[in-house]
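See below for the structure under consideration.
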2 protein chains.
Amino acid sequence: MRYLVKVSYNGSKFSGFQYQKDARTVQNEIESVLNRMHKEFVRIHPAGRTDAGVHALEQYFHFDSHIDIPGDKWKFALNSGLPEDILIHEVREIDEDYHVRFHSKGKTYRYKIYQGTNRDPFQHGLKVYYPYQVDEQKMRDAMQYFIGTHDFTSFSSAKSEIENKVRHIHRFDLIKTEEGFDFVITGSGFLYNMVRILVAYVLEVGQGRWDGGRTPEILEAKDRKHVPRTAPAEGLYLERVFLNEKALEETLQEMKNNLEKH
Amino acid sequence: MRYLVKVSYNGSKFSGFQYQKDARTVQNEIESVLNRMHKEFVRIHPAGRTDAGVHALEQYFHFDSHIDIPGDKWKFALNSGLPEDILIHEVREIDEDYHVRFHSKGKTYRYKIYQGTNRDPFQHGLKVYYPYQVDEQKMRDAMQYFIGTHDFTSFSSAKSEIENKVRHIHRFDLIKTEEGFDFVITGSGFLYNMVRILVAYVLEVGQGRWDGGRTPEILEAKDRKHVPRTAPAEGLYLERVFLNEKALEETLQEMKNNLEKH
């Protein structure tokens with residue numbers, strides 16, 4: 001049978017999600033617990049990989065197993081074997097033809113920034129310190145250009161091998177926090193490094209280094225050279241994975257209600 | 001001339017404070033910046049060492065230098081060279097015969113515990129998860145036995161080579177927080193692992209494993225075997241170093257006012 005698992009992890013001590021020989025990755029840790037339980041190799045399939053240092057507030061993966069126990073027992077067994085920086089929230093059986101990467105309908109990412117006179121050693125690895133003054137309105141104006149369906153070649157790593165770089169962005173919001181602000185972006189899918197490149201670009205627009213009004217031209221150019229920087233991994237959190245269209249619609253409606261109240 | 005430096009650090013990615021060849025320690029990082037500035041070896045002298053994983057909200061060290069620049073310039077130069085998990089707060093010149101370890105008048109440590117249904121991956125390395133029910137009154141009652149002057153042989157690591165194990169504890173408080181509680185202890189000095197052993201003992205009293213009323217007997221026994229456990233390093237924060245008698249008195253008065261208000 002196939003099980004779907006909801007997990008969160010603190011990425012700061014992991015070399016990313018994906019399995020690597022001789023590295024501490026989220027996949028290595030989870031598969032090693034599953035291998036011990038099954039006495040054979042079990043592969044897990046995530047909704048998407050996250051890079052070294054990137055966190056997940058909510059990530060999903062599925063795996064196939066001959067062990068038939070209730071979700072709560074799975075959850076307890078997995079959490080007992082896993083290190084403190086990974087937490088399993090839920091395990092449930094799903095259709096054997098459901099594949100979370102192919103069948104999910106998009107994701108939300110959050111990027112956390114803190115400001116202030118001094119950096120804070122206790123935010124290290126969890127938020128990014130950005131001491132520069134930024135013009136909030138300039139950032140919000142630039143961010144609107146990304147909403148809708150666009151070719152994101154200019155805002156993704158040139159290393160990517162995926163050919164189709166068209167993605168749909170549902171929302172891209174700036175949310176003030178006690179110590180700074182978060183960027184929250186929801187889309188049908190994201191290219192390699194895309195959120196971190198978008199954030200780096202928007203911050204530089206906020207600092208006045210680029211004219212945000214030129215954003216459509218940069219999108220049009222389909223060339224990474226216009227956007228040289230990538231924001232650091234440690235500010236990035238995978239926040240939601242939408243397992244189906246309904247979950248996506250509900251969350252978008254919620255976000256609309258919450259954000260437009262202010 | 002001699003400079004006194006106030007520093008804080010997140011201990012979670014350090015192998016402790018003290019210099020070690022081929023390890024990432026706080027002293028290695030700071031001395032390597034000073035060595036670059038001086039083009040010669042400069043040694044720093046802390047108020048006290050902290051173990052691997054232990055944090056400092058406030059730590060002091062001093063060093064001697066022929067470089068004569070104002071404190072603010074020192075602060076800027078050091079912070080520019082240091083990694084994000086160390087922050088210099090203040091640098092100032094002091095008498096060349098002041099030695100922070102010998103002349104300071106005590107320290108405050110804080111130990112942070114969080115409770116709840118699930119562990120939190122984002123507290124990993126910063127607080128200790130203690131899901132067990134504890135009796136607050138039993139803990140507070142046991143903690144009172146440690147106040148005053150005692151031989152702490154039973155509550156310190158047998159590995160320590162210091163012969164005189166008598167220390168004076170000024171206060172030992174339990175403070176409720178949003179997610180759990182903190183232990184806050186102020187004393188003239190602390191033996192190796194002493195705070196972590198006291199915390200482990202008090203938690204077990206709270207759980208009902210030991211009768212806290214037997215604390216005076218255990219102190220009297222002067223034998224570590226009665227208190228087998230040591231609480232994990234990651235919950236421990238060096239919170240204050242009292243540079244002189246006046247600073248100690250003022251803080252004790254403040255604590256009295258704050259804590260006895262409730």
Side-chain angles (χ1 to χ4, degrees), chain A residues 6-15 17 24 26 29-30 50 52-59 72 75-76 78-91 110 112-114 116-131 178 232-239, chain B residues 6-15 17 24 26 29-30 50 52-59 72 75-76 78-91 110 112-114 116-131 178 232-239:
Chain A
K6 181 169 151 183
V7 62
S8 61
Y9 46 85
N10 178 336
S12 57
K13 289 181 181 168
F14 288 108
S15 306
F17 188 93
R24 187 174 189 262
V26 178
E29 293 290 336
I30 295 170
T50 51
V54 174
H55 314 285
L57 297 164
E58 175 180 302
Q59 161 78 291
D72 278 358
K75 180 181 155 179
F76 181 80
L78 290 172
N79 278 330
S80 304
L82 285 168
E84 213 182 83
D85 42 0
I86 303 179
L87 178 68
I88 303 295
H89 293 273
E90 194 191 7
V91 182
R110 181 177 293 263
K112 298 188 183 185
I113 283 167
Y114 73 100
T117 319
N118 288 314
R119 64 179 183 238
D120 175 356
F122 299 97
Q123 302 284 13
H124 179 62
L126 295 175
K127 286 189 184 184
V128 169
Y129 181 49
Y130 199 76
E178 241 175 81
E234 63 257 38
L236 187 61
Y237 292 71
L238 175 55
E239 177 161 288
Chain B
K6 181 168 150 183
V7 62
S8 62
Y9 47 84
N10 177 337
S12 58
K13 288 181 183 169
F14 289 109
S15 306
F17 189 92
R24 187 174 189 262
V26 179
E29 293 289 336
I30 295 170
T50 50
V54 174
H55 314 284
L57 297 165
E58 175 180 301
Q59 160 79 292
D72 277 358
K75 180 180 154 178
F76 182 79
L78 291 172
N79 278 331
S80 303
L82 286 169
E84 213 182 82
D85 41 0
I86 303 181
L87 179 67
I88 303 295
H89 293 274
E90 194 191 7
V91 182
R110 181 177 292 264
K112 298 188 184 186
I113 283 166
Y114 73 101
T117 319
N118 288 314
R119 64 179 184 239
D120 176 356
F122 299 96
Q123 302 284 11
H124 179 61
L126 296 174
K127 287 190 184 183
V128 169
Y129 181 50
Y130 199 77
E178 241 175 82
E234 63 257 37
L236 187 61
Y237 291 71
L238 175 56
E239 177 161 289

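Each chain gets a letter, A, B and so on, in the order its sequence line appears, and its residues count up from 1.
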Portion of Leu82(A) that has a non-hydrogen atom of chain B nearer than 4.5 angstrom:
both
To the nearest 0.5 Å, tell me how far His89(B) NE2 sits from Asn118(A) CG.
7.0 Å
Side chain, backbone, both or neither: which part of Phe122(B) has a non-hydrogen atom closer than 4.5 Å to chain A?
both
With distance as the sole test, does Arg119(B) use its side chain to make a donor-acceptor pair with the main-chain N or O of Ile86(A) at under 3.5 Å?
yes
Please give me the minimum heavy-atom distance between Glu84(B) and Lys127(A), naming the atom from each residue.
OE1-O, 4.4 Å
Take Asn10(A) and Leu126(B), measure what side-chain contact (heavy atoms from CB on, under 4.5 Å) needs, and give me the verdict at the end.
CA-CA 12 Å; Asn10(A) 178 336; Leu126(B) 296 174; over 6 Å; no
Take Lys13(B) and Ser12(A) through the test side-chain contact (heavy atoms from CB on, under 4.5 Å) and record every step on the way to the result.
CA-CA 10 Å; Lys13(B) 288 181 183 169; Ser12(A) 57; 4.0 Å; yes
